[in-house]
2 protein chains.
Amino acid sequence: MAKITIKKIAHDLKLAVSTVSKALSDSHEIGTDTKQRVLDYANQMNYVRNAYASSLKNSRTGNIAVVIPEVADSFFALAINGIETIAQEKKSHVLIYLTQENQAKEKSIMEDFRNGRVDGILISVAGGNTSYPHIRDLQERNIPIVFFDRVAQGVTSPRVVTDDFESGYKATHHLLEKGCKRIDFLSLSGNLSIIDARLEGYKKAISDRGESASRSHVIVCTNDNVHNENILASLLERKENRPDGIIASVEKLTLITYTVCTRLGISIPDEMKVVGFTSLPSAALLQPSLTTITQPAFEIGQTAAKLLFELLEKKSKQSPNKMVLLPSLLHERGSTQIKT
Amino acid sequence: MAKITIKKIAHDLKLAVSTVSKALSDSHEIGTDTKQRVLDYANQMNYVRNAYASSLKNSRTGNIAVVIPEVADSFFALAINGIETIAQEKKSHVLIYLTQENQAKEKSIMEDFRNGRVDGILISVAGGNTSYPHIRDLQERNIPIVFFDRVAQGVTSPRVVTDDFESGYKATHHLLEKGCKRIDFLSLSGNLSIIDARLEGYKKAISDRGESASRSHVIVCTNDNVHNENILASLLERKENRPDGIIASVEKLTLITYTVCTRLGISIPDEMKVVGFTSLPSAALLQPSLTTITQPAFEIGQTAAKLLFELLEKKSKQSPNKMVLLPSLLHERGSTQIKT
DNA sequence: GTGAAAGCGCTAACAC
DNA sequence: GTGTTAGCGCTTTCAC
């Protein structure tokens with residue numbers, strides 16, 4: 001099948017390309033009759049405008065980038081879902097990039113955005129970054145960026161986040177209420193906004209309880225799951241001074257906690273209570289069912305995408321430090337139940 | 001920051017644009033010295049080639065499309081992961097499209113690929129399609145398409161799949177071995193290749209056992225989870241002639257089975273044994289741990305992507321009905337355990 | 001209301 | 001080895 005272009009339509013209809021172009025964009029300066037003729041013919045020929053040729057003229061590709069650490073995580077999967085609903089509404093296209101929590105990869109990915117690959121960017125940053133030259137660089141080129149969930153600390157750009165401090169507090173408070181004496185916090189290395197905030201909430205809850213904040217025990221996990229399992233196992237194996245409560249600050253750490261407890265024969269919730277930050281649909285079906293802090297992942301994705309399209313549409317640079325905060329929910333389940 | 005183009009570099013370096021262009025693509029017909037000068041300057045200026053401008057000349061955008069029913073499913077999430085690793089290797093970019101199991105949406109999405117939006121397509125088709133004009137249309141335009149997992153029946157194009165028939169057989173056989181008397185198969189409406197094959201395997205296992213294949217009980221589920229829960233509940237509520245084994249042919253049906261059993265107080269595996277097709281990392285942690293048929297999702301994604309790039313690179317149209325089959329694994333766990 | 005022409009950023013003949 | 005030029009498909013003044 002021959003490629004069908006505006007030029008071909010013009011030729012076939014004995015019109016000028018400019019006329020066809022205008023007709024296709026429903027310009028008022030084209031007669032209703034010609035317009036209809038063009039539209040009909042284009043339709044009949046299955047014409048689709050070459051988006052990238054247009055982009056050369058008007059610098060709008062109709063593509064947006066979504067940069068995330070991973071996709072096999074319920075939060076990100078749902079967020080993508082949310083983003084996609086809005087993108088489809090806006091007839092826009094979504095490019096996905098996985099950083100695998102690797103800052104170098106994130107950097108190199110974003111360097112590719114410097115010249116018109118995408119119109120705008122939604123990003124949840126990788127851990128390990130301390131400064132964000134690759135993000136600032138794009139900002140200077142006036143490429144709109146919206147953060148969701150994990151924001152680049154110190155960079156000013158619109159963002160959609162959850163109440164991480166409060167959730168950290170809530171989770172900890174909940175465990176304390178359930179009688180935990182030693183609660184450990186499983187964090188993720190790498191200077192992440194969400195982890196920092198959750199951790200602060202945790203510390204605050206501990207100190208509010210009258211315990212010294214220095215009594216808090218933070219286990220720093222990494223991106224290496226085998227390593228994490230080992231750390232956790234050696235923590236839980238010891239017979240004395242073992243935590244009786246754990247807050248897993250991200251999904252994968254939650255699952256590892258369950259795995260290790262199962263392996264070591266540690267009973268949840270009797271010997272160990274667990275709260276996990278996760279949006280897993282199967283949380284209620286785990287053994288035992290998992291008490292979670294659940295973020296409104298879908299809505300976060302939607303909101304972030306909407307924000308981005310606002311930036312894209314009205315070039316009016318709305319307040320660049322706009323922040324939308326969507327609250328998380330504590331779902332109390334079996335993993336924090338008091339022995340009866 | 002001003003936009004930096006090949007033209008600007010040429011001007012600054014007092015060279016012709018073509019010289020710069022060739023230098024940047026490391027053409028042999030450019031002197032080593034000038035080449036270096038151009039490369040250095042481009043680097044210093046943070047020059048990035050406008051991919052879409054090039055695409056106008058050589059019809060290669062560097063973008064590929066991945067069209068899937070949903071992303072909040074472990075199989076697809078892992079498959080995307082696999083695809084992405086290959087894409088990054090190939091310096092290619094991945095556009096994600098979710099059809100939500102909606103054929104009309106799939107069609108309209110793919111119509112957008114008719115004019116150079118992407119170089120090639122990876123697709124796992126939505127349910128409900130009986131013919132695939134939108135796919136054939138793209139084929140006629142010589143846009144490479146590779147199917148993975150769910151193929152369009154009757155359409156000839158390279159594909160990466162699992163041994164669905166055998167897995168259906170294995171799952172059923174396993175349940176029969178575990179003493180199940182009535183095994184119900186939870187299928188998904190919509191003429192899906194994978195479901196059909198799994199179902200055939202199921203029927204064969206039943207009839208091999210000497211039971212009439214007509215004794216097989218297929219529960220057709222839809223894309224509406226509330227509806228599915230209701231169907232399942234009314235099936236499981238009845239006191240007589242209730243199945244004692246269930247094969248959930250996709251992930252979400254597995255979780256619904258667990259949910260409904262929990263709600264109705266039906267004990268798995270004592271009163272009901274369950275095998276689920278899923279790649280959920282949490283399968284082993286469910287209550288009870290779930291016996292699964294697990295597809296090598298990551299590898300499927302990788303393999304499909306590799307196939308696509310082969311098509312893209314050597315324009316040599318390799319055998320269009322090439323098929324790669326990667327086997328699934330049966331993981332026996334608690335949900336099919338015999339009462340001790 | 002319609003058309004001619006220039007140009008977006010880049011590539012590839014083809015000249016020199 | 002380097003430059004000139006045409007053109008990819010589209011949009012947008014500016015004439016008519």
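By convention in this document, chain letters (A, B, ...) are assigned in the order of the sequence lines, proteins followed by strands, and residues within each chain are numbered from 1. All figures in this text were calculated on a predicted structure; none of them were measured in a lab.
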Would you call A/E111 and A/K107 a salt bridge, using N to O less than 4.0 angstrom?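 Between A/K107 and A/E111 there is a salt bridge, with a charged N closer than 4.0 Å to a carboxylate O.
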One thing to verify: whether B/E313 and B/R60 come together as a salt bridge, which I'm taking to mean a side-chain N less than 4.0 angstrom from a carboxylate O. no
Base, sugar-phosphate, or nothing: which does [X] touch, judged by heavy atoms less than 4.0 Å apart?
| X | value |
| --- | --- |
| A/S54 | sugar-phosphate |
| B/T34 | sugar-phosphate |
| B/K14 | sugar-phosphate |

If you count the non-hydrogen atoms of other residues, nucleotides and ligands that lie under 6.0 Å from NZ in B/K105, is the total more than 12?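 Counting other residues, nucleotides and ligands, NZ of B/K105 exceeds 12 neighbours.
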Specify the separation, in whole Å, of atom [atom1] of [X] and atom [atom2] of [N].
| X | N | atom1 | atom2 | answer |
| --- | --- | --- | --- | --- |
| A/K22 | D/dA15 | NZ | P | 13 Å |
| B/N58 | C/dG9 | CG | C1' | 12 Å |
| A/Y47 | D/dG9 | OH | P | 10 Å |
| A/N50 | D/dG9 | CG | P | 8 Å |
| A/L24 | C/dT2 | CG | P | 14 Å |
| A/I30 | D/dT12 | CD1 | P | 13 Å |

Decide yes or no for A/R117 and A/N63: does some side-chain heavy atom of the first lie under 4.5 Å from some side-chain heavy atom of the second?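 Of all side-chain heavy-atom pairs linking A/N63 with A/R117, none is under 4.5 Å.
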Side chain of [X], heavy atoms from C-beta onward: which of [options] has the nearest atom to it?
| X | options | result |
| --- | --- | --- |
| A/T19 | D/dG3, C/dC10, C/dT2 | C/dT2 |
| B/V17 | C/dT2, C/dC10, D/dT5 | D/dT5 |
| A/I6 | D/dC10, C/dC10, C/dG3 | D/dC10 |
| A/L15 | C/dG3, C/dT11, D/dT11 | C/dG3 |

